[in-house]
Amino acid sequence: MSGDTIDSVWIGSRKQPLKSPAAEIASTLEGKRIVRVHRAGKHIVFDLEGAVPRRKETRQAASLPRGAQWIVHLGMTGRMVVSEPPAEIAKHTHLIAKLASGRELRFIDPRMFGKLSVHSAGFDPGGVEPLEVEEEQFVALFRGRKTPIKSALLNQKLLRGVGNIYADESLFRASIRPRRRAASLTREDLRRLHRAVQEVLRDAIALGGSSISDYVDADGEEGFFQLQHRVYGREGDPCLICGTAVKRVVLIGRSSHYCPKCQK
DNA sequence: ATACCGACCTGTCAGC
DNA sequence: TGCTGACAGGTCGGTA
């Protein structure tokens, strides 16, 4: 992908997935070389020709000339696939970028919760990377917040990249109930949670993610972390530690699973 | 400022 | 065999 050039862009008629105007997305992408593809939280970031990597804490860098960036958020059901042109165009395909190599980059998203946008300056998703954050900084992020700890874990402005499955799994491994107020957690609780989040994410990444119904990675491969879920999707099943039935409650409109005995 | 809730969409599956 | 309702990897904006 890196090094390839976007020759032309086709954008579907649905506006829902577009965070920037279609014409702006097309004009920003067309003719640009993809310098680098990386991830920031839940966003896929394409650095386009002329882009200067963001540096930490350098406000004056804002005056540096910068290339554009193409930002893709997959939402719930979004996929970015690389296809050969003869490949059938899947239903719910919202964007096709024709590359100089002859391949096509396609964005497919049935539910249209995914988002496409372009930025002319350095894109900042906010929050810190959960796999990079130090223990002390992690503790400071959550200390004193009145919100339920699970809401805080899902807040992308604090920690970026943790979603519903991994929030539940992390809280189980840290023996903390989803509804516990962040402010009520001790320093030791938060240290355990820090370790749990990192452990869950590392394990999940190693297994290629969680394929619940239709998730596959960029190569179309399913993940296997769902086989290691200890509470997510296991309502009524015995806790793997104590045998108590796993509970499911709705918190901020999201399914939340926990063991009522192991998690306090 | 903070925190819930519905809205945004389509697809699938269980239950009747 | 349908139909209906609940639910799904996420985020936003309105309202209290």
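A note on names: the letters A, B, ... follow the listed sequences, proteins ahead of strands, and every chain is numbered from 1. Being a predicted model, the structure only gives us computed values, none of them experimental.
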Which nucleotide sits closest to the side chain of [X]: [options]?
{"X": "Pro148(A)", "options": "dT11(C), dT10(B), dC4(B)", "result": "dC4(B)"}
{"X": "Lys91(A)", "options": "dC9(B), dG11(B), dT11(C)", "result": "dG11(B)"}
{"X": "Pro110(A)", "options": "dA3(B), dC9(B), dG11(B)", "result": "dG11(B)"}
{"X": "Arg248(A)", "options": "dA8(C), dA3(B), dT10(B)", "result": "dA8(C)"}

Problem set entry | Complementary nucleotide of dC9(B), counting Watson-Crick and G-U pairs under 3.5 Å | none
Pick base, sugar-phosphate or nothing for [X], based on heavy-atom distances below 4.0 Å to the nucleic acid.
{"X": "Ser255(A)", "value": "sugar-phosphate"}
{"X": "Arg79(A)", "value": "nothing"}
{"X": "Gly75(A)", "value": "sugar-phosphate"}
{"X": "Ile165(A)", "value": "sugar-phosphate"}
{"X": "Asp109(A)", "value": "nothing"}
{"X": "Ser213(A)", "value": "base"}
{"X": "Met112(A)", "value": "sugar-phosphate"}

Side-chain N,O ([X]) to OP1/OP2 ([N]) below 4.0 Å:
{"X": "His92(A)", "N": "dC9(B)", "result": "no"}
{"X": "His73(A)", "N": "dT11(C)", "result": "yes"}
{"X": "Lys42(A)", "N": "dG10(C)", "result": "yes"}
{"X": "Gln16(A)", "N": "dC8(B)", "result": "no"}
{"X": "Gln156(A)", "N": "dG10(C)", "result": "no"}
{"X": "Arg254(A)", "N": "dG10(C)", "result": "yes"}
{"X": "Arg14(A)", "N": "dT10(B)", "result": "yes"}

Please check if the number of heavy atoms outside [X] that lie under 6.0 Å from its [atom1] is greater than 12.
{"X": "Glu136(A)", "atom1": "CD", "result": "yes"}
{"X": "Lys32(A)", "atom1": "NZ", "result": "yes"}
{"X": "Arg202(A)", "atom1": "CZ", "result": "yes"}
{"X": "Arg145(A)", "atom1": "CZ", "result": "no"}

Exercise. Would you call Glu169(A) and Arg230(A) a salt bridge, using N to O less than 4.0 angstrom?
Worked result: no
Exercise. If you measure from the Lys or Arg side-chain nitrogens to the Asp or Glu carboxylate oxygens, is any gap between Arg195(A) and Glu188(A) under 4.0 Å?
Worked result: yes
What is the distance from [atom1] of [X] to [atom2] of [N], rounded to the nearest Å?
{"X": "Ile44(A)", "N": "dG10(C)", "atom1": "CD1", "atom2": "C1'", "answer": "14 Å"}
{"X": "Arg111(A)", "N": "dT11(C)", "atom1": "CZ", "atom2": "C1'", "answer": "12 Å"}
{"X": "Leu251(A)", "N": "dC4(B)", "atom1": "CG", "atom2": "C1'", "answer": "10 Å"}
{"X": "Asn155(A)", "N": "dT2(B)", "atom1": "CG", "atom2": "P", "answer": "10 Å"}
{"X": "Met76(A)", "N": "dC12(C)", "atom1": "CE", "atom2": "C1'", "answer": "14 Å"}
{"X": "Leu154(A)", "N": "dA8(C)", "atom1": "CG", "atom2": "P", "answer": "13 Å"}
{"X": "Ile212(A)", "N": "dC13(B)", "atom1": "CD1", "atom2": "C1'", "answer": "15 Å"}
{"X": "Asp214(A)", "N": "dC13(B)", "atom1": "CG", "atom2": "P", "answer": "10 Å"}

Problem set entry | P atoms of dG6(B) and dA6(C), separation to the nearest Å | 13 Å
Problem set entry | Spacing of the C1' atoms in dC12(C) and dG11(B) (rounded, Å) | 22 Å
For this session: Report yes or no: does His94(A) contribute a side-chain atom to a donor-acceptor pair with the main-chain N or O of Leu18(A) at less than 3.5 Å?
Result: no
For this session: Could you say whether His43(A) or Gly253(A) is positioned toward the 5' end of DNA chain C, judged by the nucleotide with the nearest heavy atom to each?
Result: Gly253(A)
For this session: State whether the aromatic ring of Phe113(A) stacks on the base of dC8(B), taking stacking to mean ring centres under 5.5 Å apart and ring planes under 30° to each other.
Result: yes
